[in-house]
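Have a look at the structure below before the remarks.
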Amino acid sequence: MKRTNYCGALRNSDAGRNVVIMGWVARRRDLGNLLFLDIRDRAGIVQVVFNRETQPEAHAKAEQARSEFVVAVEGKVILRGKSNPELATGEIEVLATRLHILNNAKTPPFQIEDDINAAEETRLRYRYLDLRRPKPHANLALRHKILLEIRKTMDEMGFLEVETPMLTRSTPEGARDYLVPSRVHHGQFYALPQSPQIFKQILMIGGLDRYFQIVKCFRDEDLRADRQPEFTQLDVEMSFPRQEDIFAVIESVMVRACAVAGVKADTPFPHMLYKDAIRKYGSDKPDMRFGMELHEVTDAFPAEAKEKLQIVGNVFAFAAPGGATYSRKQLDELTEKAKAVGARGAYFVKLAPEGITSTVEKLIGADNVKKLTAACGAKTGDLVVAVSAKDEIKGTEAAALVAGQLRLQLGEALNLVDKSKWKFLWLTGFPLFEWSENDKTWVSAQHPFTGIVDEDLEKLETAPWEVRSKGYDLVLNGVELGSGSIRIHRQDIQERLFKALGLSEEQIRRRFGFFVDALTYGTPPHGGIALGLDRVVMLLAGEKSIREVIAFGKTTAAVDLMAESPSTVDKEQLDQLGIAIKEK
RNA sequence: GGGGACGUAGUUCAGUUGGUUAGAACGCUGCCCUGUCACGGCAGAGGUCGCUAGUUCGAGUCUCGUCGUCCCCGCCA
């Protein structure tokens with residue numbers, strides 16, 4: 001028997017046709033001599049009718065059918081007397097003449113419906129059942145369409161998709177590597193790529209000119225809602241680019257990817273300097289869908305108050321519209337949250353219609369309370385939130401970062417985030433180095449091939465913290481989609497940077513030997529970017545976790561509950577690799 | 001590595017101050033039902049209260065530990 005139609009795709013126009021549909025039993029409604037089966041396939045659900053009087057054989061078989069049985073139905077599409085507006089196929093039904101039960105099924109651990117709220121643990125363990133639900137299915141379909149559109153767009157712009165090795169070399173920088181032991185070379189390991197960074201730069205040296213790849217990357221770090229140990233990037237590199245050329249390419253790709261999801265993205269994407277993002281939004285990935293800009297208000301705290309409140313460094317504040325209704329208890333909770341994200345203290349001014357009250361008026365005086373509210377442009381009904389940081393962090397505004405976190409929380413809590421907006425943003429002007437509290441030294445803020453702003457080159461040796469990189473980040477609605485840079489293509493500058501990072505000749509050879517060699521054979525100016533596609537699809541699908549747009553996601557402990565990986569392996573396998581397990 | 005939330009029937013949850021036989025809904029099983037569509041009606045089955053140790057006359061409930069899931073900080077050049 002050959003399937004003639006997707007059952008979920010049948011419509012009025014099919015009325016009168018004899019069809020064969022195949023799918024799963026979504027629901028059975030047995031009225032005795034009349035029995036209905038809702039049959040589900042990729043396209044949706046259709047109602048099938050079995051009549052004992054006219055088709056006793058088919059009816060008898062339908063009585064055996066249970067949830068998630070796999071069936072084939074032969075029948076005639078007919079218009080219904082009374083339609084069901086809830087279903088896309090609601091105006092027709094299939095009058096069954098024959099039913100084949102192709103396979104039976106155990107009762108599923110949860111019902112295959114969109115509005116069922118099974119625990120994520122159960123959904124991941126039985127992912128094949130979860131995927132039968134329309135929503136996960138639609139998310140994967142959207143992912144496919146977005147990736148397809150990206151490939152088309154990149155191809156049209158002259159980019160070649162080139163595959164790079166999955167078994168490559170470990171680099172000590174950056175994230176922890178996933179290691180793969182070599183059988184042929186005992187005691188040696190491949191690493192799965194954290195990104196194809198070096199390979200794509202070598203492709204530019206190789207004259208490919210325009211490269212892209214939709215590629216899996218691997219990082220052995222702790223997980224989050226938007227971080228999985230393996231994730232998919234759109235990796236791009238081009239030769240002889242100006243920064244604006246790369247931006248234009250990515251804007252074209254993103255506009256078309258968004259269009260696939262019915263989202264209109266405006267170009268060009270606005271730009272913002274890193275330092276402005278920190279000072280105005282307290283974040284290196286500001287969510288621009290709402291206001292509540294930060295203001296530095298250190299002046300409103302006299303020396304005496306600072307001492308009492310143990311304020312170190314600056315104080316940052318913002319006005320939260322509608323926050324004046326917050327109760328004492330809510331403010332206490334807010335203070336707790338602030339402390340949890342690194343605040344020394346949080347200070348509030350309520351601009352209620354019946355008067356202005358503040359938790360710090362006694363300490364700073366009425367004039368300074370006014371100064372505070374004026375600085376934030378607060379209006380009646382607002383809550384002014386000011387915070388100081390627990391510790392000073394070299395080279396950044398620690399208080400602004402704390403205020404930025406509260407801004408996000410309050411923006412969400414006070415319903416100020418306009419979910420219909422799609423706010424892309426380019427961030428530029430990143431510092432080349434950042435202070436490492438662990439190592440007590442300046443370390444590369446991005447990978448060590450990131451270009452250096454020309455006028456800052458001379459400060460490389462004298463004032464490294466002032467050196468800006470040619471790096472940039474793409475942000476959408478407060479989510480970092482990716483980052484890239486114009487690279488260093490001259491070996492003399494590369495050497496100066498390595499030196500500034502305190503790397504010895506020997507360390508450079510050991511870590512980047514082959515790449516440093518390649519740089520000396522006529523490297524063109526080049527640059528690129530990598531975007532996290534799981535996050536792109538997540539946002540466009542309206543999901544809060546990238547697990548919702550990944551077919552087989554892992555838990556926060558990096559476990560695949562369905563495949564039960566990772567797992568132990570046979571001793572023989574370990575012996576071949578020359579590996580012994582050390583007991584903990 | 002640290003903080004928080006959660007873990008009770010197949011599923012989602014309720015469970016009082018520690019007290020008799022641990023409940024509900026959905027799902028499941030059987031029977032009845034010719035226009036249902038979250039069908040309806042009747043009857044029924046289904047529990048290692050994550051695991052472990054302890055406190056107690058008595059633990060789903062309290063305590064220690066442990067395992068698992070989620071969120072956050074650190075981490076993610």
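Everything numeric here is computed off the predicted structure, so don't read it as measured data. Below, read A as the first sequence line, B as the second, and so on, with proteins coming before strands; counting in each chain starts at 1.
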Side chain of [X] (C-beta onward), nearest among [options]:
X        : options             : result
A:Ser195 : B:A77, B:U36, B:G68 : B:A77
A:Phe36  : B:G35, B:C71, B:A77 : B:G35
A:Leu31  : B:C73, B:C28, B:U34 : B:U34
A:Gln405 : B:C73, B:U69, B:A77 : B:C73
A:Ala557 : B:C37, B:U69, B:C76 : B:U69
A:Arg547 : B:C71, B:C75, B:U12 : B:C71
A:Gln446 : B:A77, B:C26, B:G35 : B:A77
A:Gln47  : B:C37, B:C71, B:U34 : B:C37
A:Arg29  : B:C37, B:C72, B:C70 : B:C37
A:Ala225 : B:C72, B:U36, B:C75 : B:C72

Does [N] have a Watson-Crick or wobble mate here (both distances under 3.5 Å), and if so which one?
N     : value
B:A53 : B:U63
B:C33 : none
B:A5  : B:U69
B:A25 : B:U11

query = Which heavy atom of A:Val402 sits nearest a heavy atom of A:Ala343, and at what distance?
reply = CG1-CB, 3.6 Å
Between [M] and [N] - [atom1] atom distance, rounded Å:
N     : M     : atom1 : result
B:U8  : B:A38 : P     : 29 Å
B:C49 : B:U61 : P     : 10 Å
B:C75 : B:U16 : C1'   : 44 Å
B:G18 : B:G10 : P     : 28 Å
B:G47 : B:U63 : P     : 29 Å
B:G4  : B:C39 : P     : 44 Å
B:C70 : B:G58 : P     : 38 Å

Between [X] ([atom1]) and [N] ([atom2]), how many Å, whole number?
X        : N     : atom1 : atom2 : value
A:Glu120 : B:G68 : CD    : P     : 17 Å
A:Leu34  : B:G40 : CG    : C1'   : 14 Å
A:Lys390 : B:G2  : NZ    : C1'   : 11 Å
A:Phe433 : B:A77 : CZ    : C1'   : 12 Å
A:Lys285 : B:C76 : NZ    : P     : 14 Å
A:Glu113 : B:G27 : CD    : P     : 8 Å
A:Asp38  : B:A38 : CG    : C1'   : 10 Å
A:Asp284 : B:C76 : CG    : P     : 13 Å

ask   = Just wondering, are more than 12 heavy atoms of other shown residues or ligands nearer than 6.0 Å to CZ in A:Phe189?
value = yes
task = Using modelled atom types only, decide if a donor and an acceptor are shared between the side chain of A:Arg219 and the backbone of A:Pro229 within a distance under 3.5 Å.
result =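 No: the side chain of A:Arg219 does not pair with the backbone of A:Pro229.
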Give [X] one of three labels, base, sugar-phosphate or nothing, depending on what nucleic acid heavy atoms sit under 4.0 Å from its own.
X        : result
A:Arg224 : base
A:Pro448 : base
A:Arg511 : nothing
A:Asp30  : base

Taking donor-acceptor contacts at under 3.5 Å, does the side chain of [X] reach the base of [N]?
X        : N     : value
A:Arg66  : B:U29 : no
A:Glu336 : B:G3  : no
A:Arg52  : B:C33 : no
A:Arg219 : B:C75 : no

State, without any angle test, whether [X] and [Y] hold a side-chain donor-acceptor pair at a distance under 3.5 Å.
X        : Y        : answer
A:Asp534 : A:Gln228 : no
A:Arg169 : A:Thr171 : no
A:Gln201 : A:Gln197 : yes

Between [X] and [N], is there a contact of a side-chain N or O with OP1 or OP2 at under 4.0 Å?
X        : N     : answer
A:Asn33  : B:U34 : yes
A:Lys82  : B:U36 : yes
A:Thr107 : B:C28 : no
A:Ser67  : B:C28 : yes

message = Using 30° and 60° as the class boundaries, would you call the ring planes of A:Tyr126 and A:Tyr128 parallel, tilted or perpendicular?
response = perpendicular
task = Test the A:Arg407-A:Phe290 pair against the cation-pi criterion, namely NZ or CZ under 6.0 angstrom from the six-membered ring centroid and within 45° of the ring axis.
result = yes
